[in-house]
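Before any comments, here is the structure.
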Amino acid sequence: MNDCLFCKIIVGDIPSAKVYEDDMIYAFRDIAPMAPVHVLVIPKVHIASADGVNAENSAYVAHIFEAIPKIAAAEGLTNGYRVITNCGEDGCQSVKHLHFHILGGKKLPDQMA
Ligand code: AMP
């Protein structure tokens, strides 16, 4: 059985606050928001991280980036926002299913690390 937390969220086995969904992607509110708006966008196929993106699955990533401006607009992020994906150990990725954080709703710190 797939033990991935975000795969379980996609099928509804774990509850989430849905923001957007279509046949390829799912977006939901981060459980521990780091900004007034903090949405996670994930592909409906299991891709472990940015390191796992390839020619077979990159259409999911393209689709995510087509959806991000629509999600941001729907969330009222008219003054900009940040998109982040953490990858692997040094990137501090805690959930091993590719996800993109959309952060906004305030002026974000410009220091990344
Ligand atoms: P990362 O550290 O980049 O892997 O981000 C994982 C994110 O998933 C963190 O910001 C967590 O707060 C968030 N998260 C973990 N579990 C849940 C959950 N059940 N529902 C929503 N967000 C979650």
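Residue indices begin at 1 and follow the sequence shown. Ligands are counted one by one from 1 in listed order, and the atoms in each one are counted from 1 as well.
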Can you pull every nitrogen or oxygen pair between ligand 1 and the protein closer than 3.5 angstrom?
residue, atom, partner, partner atom, Å
ligand 1, 2 (O), C92, O, 3.4
ligand 1, 2 (O), S94, N, 3.4
ligand 1, 2 (O), S94, OG, 2.9
ligand 1, 3 (O), N86, ND2, 2.8
ligand 1, 3 (O), H99, NE2, 2.9
ligand 1, 3 (O), H101, NE2, 2.9
ligand 1, 4 (O), S94, N, 2.7
ligand 1, 4 (O), S94, OG, 3.1
ligand 1, 4 (O), V95, N, 3.0
ligand 1, 4 (O), H99, NE2, 3.0
ligand 1, 5 (O), H99, NE2, 3.0
ligand 1, 5 (O), H101, NE2, 3.3
ligand 1, 10 (O), D30, OD1, 3.2
ligand 1, 10 (O), D30, OD2, 2.5
ligand 1, 12 (O), D30, OD1, 2.5
ligand 1, 22 (N), I31, N, 3.1

Derivation of the side-chain contact (heavy atoms from CB on, under 4.5 Å) call for L98 and V61:
CA-CA 9 Å; L98 179 65; V61 179; 3.9 Å; yes
Could you go through the side-chain contact (heavy atoms from CB on, under 4.5 Å) check for V19 and R29 one step at a time?
CA-CA 7 Å; V19 168; R29 299 198 188 283; 3.8 Å; yes
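Under the side-chain contact (heavy atoms from CB on, under 4.5 Å) test applied with H97, the options I47, I10, V45 reduce to a single match, I10.
When all heavy atoms of A35 and G104 are compared, the closest pair comes out as CB-O, 3.6 Å.
In this structure, Y26 has its ring center no closer than 6.0 Å to that of F6.
One distance of note links CD1 of I71 with CD1 of I25; it measures 5.5 Å at 0.5 Å rounding.
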